[in-house]
Chemist: 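I have a structure I would like to understand better, so I am pasting it below and will then ask my questions one at a time.
These numbers come from the heavy atoms of this one structure, side chains and all, not from hydrogens, waters or symmetry mates.
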Amino acid sequence: MDDDGTLPERQPLQSPGILLVDTNRWPLGARLASGFSDLGCRIAAVCPVPGHPITKVRGSKGIYRYDGLHPLRSLGTAIETFGPDIIVPLCDRSVQHLHDLHARSNSEGESDRRIRRLIERSLGPSASYPVVSSRYDLLMLAKDLGIHVPKTVRIDSVDDLRRWENRPPWLLKASGTWGGRGVKRAETMAHGERALRELTSGVSALRLVKQLLLNRDRGWTISSLNEARPGIIAQAIVPGRPANCAVVCWEGEVLAGIAVEVVQADGPWHPAIVVQVVEGRAMLDAARRIANRLQLTGFFGLDFMIEDGSGDLYLIEMNPRCAPPCSLNLGRGRDLLAAFWAKLTEKELPERQAVTHRARIAYFPQGAQRGASSTDEAQPDSAYLDVPSDEPDLVQELLHPWSDRSLLGRMLDLSRRRLSARQATTPYFFKVTQSGSSHDAHQQEKAQTPELRL
């Protein structure tokens, strides 16, 4: 910010420098790096190495090693060396690191001021950071904006759980967790009390030793010992089917978005394998309201449940970072990377052909491993497999990923996979109407992929 507290006037960029930050080895970072490179952006990444998929993306890029013991130092080095125009976090932990770096850069020196400006330009005003980091505060803000949310209460102790008038079953959720971690279902009060103890007890000595023996990346495991107790909420369960949307925004304005319903997943709270693209007016409207209230910049996702019977849409939680649909080009209004590029460069939005006009999409590599998809556009009823065919090295890396497990951990995982194969576990399938969405059907919408005006 300038001396008067305002952000300096933004200048158009010819070749924006984008710094991707990922503390995991998720495929999404590599897909974004490839997509932004195709648009002419300069790319760098802070990520764990070796083994991150982004290292297999063609083209020039800077790779800065993520140090779990000293994460803010990792970020500071990348910012100082690469000089990004924008930072895009790819996981919840990286979002928290950026919030922490902003708070730590509190001097009036030029270096700290430059870091604060960069983070606020990338994420939005610092007043939004506590809200997007708290499951409870975000849901209460959404409720205030007229968005349906399940009955939810903040839980600080077992007494709070006992006093809540809403009876089980519940979901207990810890802030700062993702991918189904930190979520526990409680069928009874006793289950709820046990789940609360597990979510708030921290890492035991036995569990710490186990993690250090089974995992290669030990830095963030050790640093997690100093993390504050996570905020906990209890949430009434909405019987229904999951749906979500991903958007990109700039200073509170949503530039583009994709809404989907989940068709297949490995479990009720696991990431989707196959999704169906829907018009999703209510989902995208919720995203617009939240982005506008918090004046957000960058990518975020919202998770919903579509209630059985009524078709009512309930916001479950927010992911304040990129989500899997973000890298997909599904045409004007649904091409998030191109919309972000156009805003950064102040150029006309490029006309790019959508990668598919099929409504169902299988995420790669999970969809390929489940045999739930096809790349043949002549099969309109099958799911489109989102394979990065122009990145052969990346395809091989995603099919045969580098393991972050130690030799002992990999042996244990192999035994578990063999046991699972014998038990023949069945993936979860969610019923979607012929028109593409029971919720959209209530709104008389069509699950096609026409131009979407936001």
Side-chain angles (χ1 to χ4, degrees), residues 17-26 28-30 32-33 43-49 51-52 54 62-107 111-135 137-138 174-179 181-182 202-203 211 215 217-231 294 296-301 318-323 326 404:
I18 298 178
L19 178 63
L20 305 173
V21 185
D22 186 12
T23 70
N24 302 292
R25 290 182 173 82
W26 289 350
L28 185 58
L32 263 66
I43 301 297
V46 178
C47 59
V49 289
H52 198 285
I54 201 170
I63 302 295
Y64 300 90
R65 179 178 174 272
Y66 171 72
D67 183 351
L69 282 175
H70 306 286
L72 303 192
R73 184 186 303 172
S74 301
L75 281 172
T77 298
I79 291 171
E80 182 69 25
T81 306
F82 178 63
D85 299 301
I86 210 83
I87 304 176
V88 177
L90 304 176
C91 64
D92 296 72
R93 191 186 292 118
S94 62
V95 173
Q96 189 58 54
H97 288 336
L98 290 172
H99 293 173
D100 292 343
L101 182 60
H102 184 281
R104 195 185 73 172
S105 305
N106 56 6
S107 77
S111 177
D112 278 4
R113 292 175 61 189
R114 185 168 61 250
I115 288 174
R116 292 199 302 271
R117 286 198 299 265
L118 174 62
I119 294 174
E120 290 181 28
R121 174 178 177 149
S122 302
L123 304 181
S126 58
S128 69
Y129 303 167
V131 179
V132 301
S133 298
S134 166
R135 293 181 188 267
D137 291 344
L138 188 282
S175 293
T177 60
W178 58 89
R181 300 174 182 175
V203 181
Q211 290 179 349
N215 298 327
D217 293 334
R218 299 179 174 90
W220 62 262
T221 299
I222 296 173
S223 65
S224 66
L225 294 174
N226 299 319
E227 292 179 355
R229 178 184 184 272
L294 295 175
L296 298 178
T297 290
F299 298 82
F300 71 88
M318 175 186 187
N319 298 307
R321 38 78 179 174
C322 290
C326 286
D404 60 0

Chemist: Output yes when E80 and R73 qualify as a salt bridge under the 4.0 Å nitrogen-oxygen rule, no when they do not.
Modeler: no
Chemist: With side chains defined as the heavy atoms from C-beta onward, is the minimum distance between R121 and R117 less than 4.5 Å?
Modeler: no
Chemist: Would you say I79 and L101 make side-chain contact, with heavy atoms under 4.5 Å?
Modeler: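 Yes, at least one pair of side-chain atoms sits under 4.5 Å.
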Chemist: Between S94 (side chain only) and C91 (backbone N and O only), is there a donor and an acceptor less than 3.5 Å apart?
Modeler: yes
Chemist: Taking R135 for the side chain and A174 for the main chain, is one N or O donor matched with an acceptor at less than 3.5 Å?
Modeler: yes
Chemist: Closest heavy-atom contact between P48 and H52?
Modeler: O-CB, 3.3 Å
Chemist: Would you please classify the geometry between the Y129 ring and the H102 ring as parallel, tilted or perpendicular, with 30° and 60° separating the classes?
Modeler: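 Perpendicular, since the angle between the ring planes exceeds 60°.
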Chemist: Would you check if the side chain of D137 reaches a backbone N or O of V131 as a donor-acceptor pair within less than 3.5 Å?
Modeler: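 No; zero donor-acceptor contacts below 3.5 Å.
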Chemist: Drop me the distance from L296's CG to S128's OG, to the nearest 0.5 angstrom.
Modeler: 5.5 Å
Chemist: Would the distance check show the side chain of N24 and the main-chain N or O of W26 forming a donor-acceptor pair, the cut-off being under 3.5 Å?
Modeler: no
Chemist: Is the side chain of N319 donor-acceptor paired with the backbone N or O of R321 at a distance under 3.5 Å, no angle test?
Modeler: no
Chemist: To the nearest 0.5 angstrom, please state how far the CD1 atom of I86 sits from the CG atom of L118.
Modeler: 7.0 Å
Chemist: Would you check if R25 and C47 make a side-chain contact, meaning some heavy-atom pair closer than 4.5 Å?
Modeler: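 A side-chain contact is absent here, since even the closest heavy-atom pair is not under 4.5 Å.
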Chemist: Once you round to the nearest 0.5 Å, how far does CG of L20 lie from OH of Y64?
Modeler: 12.0 Å
Chemist: Got a donor-acceptor contact below 3.5 angstrom from the T81 side chain to the T77 backbone?
Modeler: yes
Chemist: Would you check if V88 and V21 make a side-chain contact, meaning some heavy-atom pair closer than 4.5 Å?
Modeler: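 The answer is no; the side chains never approach within 4.5 Å.
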Chemist: Roughly how far apart are N106 CG and R116 CZ, rounded to 0.5 Å?
Modeler: 7.0 Å
Chemist: Does S74 use its side chain to pair, donor to acceptor, with the backbone of Y66 at less than 3.5 Å?
Modeler: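 No, the answer is negative, given that no donor and acceptor are paired below the 3.5 Å cut-off.
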Chemist: Taking all atoms of both residues into account, what is the closest heavy-atom pair of A78 and P84, and its distance?
Modeler: O-CD, 4.4 Å
Chemist: Using a 3.5 Å distance criterion without hydrogens, assess whether the side chain of T297 forms a donor-acceptor pair with backbone atoms of L123.
Modeler: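 Flag not set: sc T297 to bb L123 has no pair under 3.5 Å.
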Chemist: Do T23 and H97 have side-chain N/O donor and acceptor atoms under 3.5 Å apart?
Modeler: no
Chemist: Which atoms form the tightest heavy-atom contact between L90 and C322, and what is the distance?
Modeler: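 Shortest heavy-atom separation between L90 and C322 comes out as CD2-SG, 4.0 Å.
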Chemist: Can you measure from CG (L98) to CG (L19) and round to the nearest 0.5 angstrom?
Modeler: 8.5 Å
Chemist: Between atom OG of S126 and atom CD of E120, what is the distance when rounded to the nearest 0.5 Å?
Modeler: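 Answer rounded to 0.5 Å: 5.0 Å.
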Chemist: Ignoring hydrogens and angles, tell me if any N or O in the side chain of D85 forms a donor-acceptor pair with the backbone of G17 under 3.5 Å.
Modeler: yes
Chemist: Going through the distances and angles, do Q96 and D100 end up as a side-chain hydrogen bond (donor to acceptor under 3.5 Å, both in side chains)?
Modeler: CA-CA 6 Å; Q96 189 58 54; D100 292 343; 3.0 Å; yes
